[in-house]
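For the single chain, residues carry numbers from 1 onward in sequence order.
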Amino acid sequence: MAQPECEVYVFIGDGAYLMNPTEIVTSRQEELKITIILSENHGFQCIRNLQMAKVGHSFGNEFRERDFKSNRLEGKFVPIDFAQNAESMGARAWRVKTGDELRKALREARAEKRTSVIVIETEKYHGPPGSGVWWDVAAAEVSSDPETQKLRAAYEEGRNRLQRFHY
Ligand SMILES: Cc1ncc(C[n+]2csc(CCOP(=O)(O)OP(=O)(O)O)c2C)c(N)n1
Ligand SMILES: [Mg+2]
């Protein structure tokens with residue numbers, strides 16, 4: 001709004017997009033164009049990473065069908081058409097798979113007047129490199145699960161080594 005001559009880009013995950021896609025409608029109402037690059041990796045994958053590091057089991061963070069044999073959400077990935085979803089709210093949308101397709105879509109989106117959404121398939125289990133910092137997020141103190149107990153022991157070891165700056 002402050003710089004109407006500028007392009008505004010949003011980089012967002014599929015999970016975060018699902019929490020509030022209706023901003024697209026607002027952008028159409030106000031004729032304020034935004035270009036959304038939607039990284040589709042079929043789940044709340046950074047939270048799943050945290051879950052694997054702190055609990056040791058995957059649960060409920062991926063967009064997967066329930067497997068009625070195991071009764072767990074570890075079945076097929078649910079196909080979600082994010083481009084169609086964005087189009088339904090008035091955006092122009094692209095589905096891209098490669099770097100070249102992404103560059104082309106970005107050029108076309110820049111020339112577009114409407115809010116634009118570029119959906120790009122992203123590797124599910126390939127996150128950024130570790131930061132090397134220790135983050136005070138505890139594994140459960142009481143658990144009968146050996147995997148979680150191991151993670152709790154690692155947490156306590158980390159906590160004992162932690163230098164406390166503020167408290
Ligand atoms: C409003 C809100 N609810 C919950 C969270 C907690 N949260 C942080 S990251 C994240 C998962 C994001 O998943 P996605 O957008 O698909 O990104 P990915 O990690 O898969 O790349 C969640 C739920 C948040 N940051 N904001
Ligand atoms: Mg995601």
Side-chain angles (χ1 to χ4, degrees), residues 1-139 151:
M1 289 169 83
Q3 291 179 292
E5 70 283 7
C6 291
E7 294 290 316
V8 175
Y9 291 92
V10 177
F11 181 65
I12 195 165
D14 46 3
Y17 175 89
L18 285 177
M19 287 191 262
N20 201 13
T22 49
E23 297 284 313
I24 292 173
V25 178
T26 310
S27 80
R28 287 303 312 270
Q29 284 180 285
E30 303 289 350
E31 286 191 35
L32 289 168
K33 175 198 173 185
I34 49 178
T35 298
I36 299 168
I37 295 104
L38 195 164
S39 162
E40 183 176 11
N41 60 8
H42 309 275
F44 300 100
Q45 296 295 355
C46 69
I47 300 299
R48 180 181 176 276
N49 273 350
L50 182 61
Q51 182 178 53
M52 294 307 285
K54 294 295 168 183
V55 184
H57 303 282
S58 181
F59 172 72
N61 275 309
E62 294 187 293
F63 309 141
R64 297 174 76 160
E65 293 173 358
R66 185 170 298 283
D67 177 332
F68 288 98
K69 277 202 202 99
S70 64
N71 199 25
R72 298 182 68 86
L73 292 166
E74 56 189 21
K76 284 204 296 284
F77 283 87
V78 176
I80 302 168
D81 194 333
F82 288 98
Q84 219 173 55
N85 177 271
E87 279 166 354
S88 77
M89 290 183 283
R92 180 168 167 202
W94 290 255
R95 295 178 186 83
V96 303
K97 284 218 158 82
T98 65
D100 282 343
E101 285 174 11
L102 175 61
R103 276 185 281 274
K104 182 166 176 285
L106 283 168
R107 277 196 299 273
E108 289 172 5
R110 184 178 274 264
E112 174 61 56
K113 290 262 175 289
R114 270 182 301 162
T115 279
S116 297
V117 178
I118 302 171
V119 183
I120 181 156
E121 179 72 21
T122 306
E123 171 60 51
K124 284 195 272 301
Y125 305 125
H126 195 110
S131 60
V133 299
W134 187 80
W135 189 18
D136 194 347
V137 180
L151 293 167

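Between the side chain of Thr22 and the backbone N or O of Val25 there is no donor-acceptor pair closer than 3.5 Å.
Every pair passing ring-ring contact (aromatic ring centres under 6.0 Å, His included) that includes a residue from residues 79-129 is listed here, sequence neighbours excluded: Tyr17-Phe82. The salt bridge (Lys or Arg N to Asp or Glu O under 4.0 Å) contacts involving residues 56-67 comprise Arg48-Glu62, Glu62-Arg64, where partners must be two or more places apart or lie in separate chains. Legend: ring-ring contact (aromatic ring centres under 6.0 Å, His included) pairs involving residues 50-80, not counting sequence neighbours, sorted by first then second residue: His42-Phe77, Phe44-Phe63.
From Ile80, atom CD1 reaches atom CG of Leu18 across 5.5 Å, with rounding to the nearest 0.5 Å. In this structure, CG on Leu102 lies 10.0 Å from CZ on Arg107, to the nearest 0.5 angstrom. Once rounded to the nearest 0.5 Å, the distance linking CD1 of Ile12 with CG of Leu38 reads 7.0 Å. Separation of atoms OG (Ser39) and CG (Asp14) is listed at 6.5 Å; rounding is to 0.5 Å.
Shown here are the side chain to side chain donor-acceptor pair (under 3.5 Å) partners of Arg72, two or more places apart in sequence or in another chain: there are none. Here Thr35 pairs with Glu7, Tyr9, Lys33, Ile37, Ala109, Ser116, Ile118 under the side chain to side chain contact (heavy atoms under 4.5 Å, CB included) rule; sequence neighbours left out. Taking Glu112 as the reference, Arg92, Arg114 meet the salt bridge (Lys or Arg N to Asp or Glu O under 4.0 Å) condition, with sequence neighbours excluded.
Nearest heavy-atom pair, Val117 versus Ala86, reported as atom, atom and distance to 0.1 Å: CG2-CB, 3.6 Å.
A 6.0 Å sphere centred on NZ of Lys124 holds more than 12 heavy atoms belonging to other residues, nucleotides or ligands.
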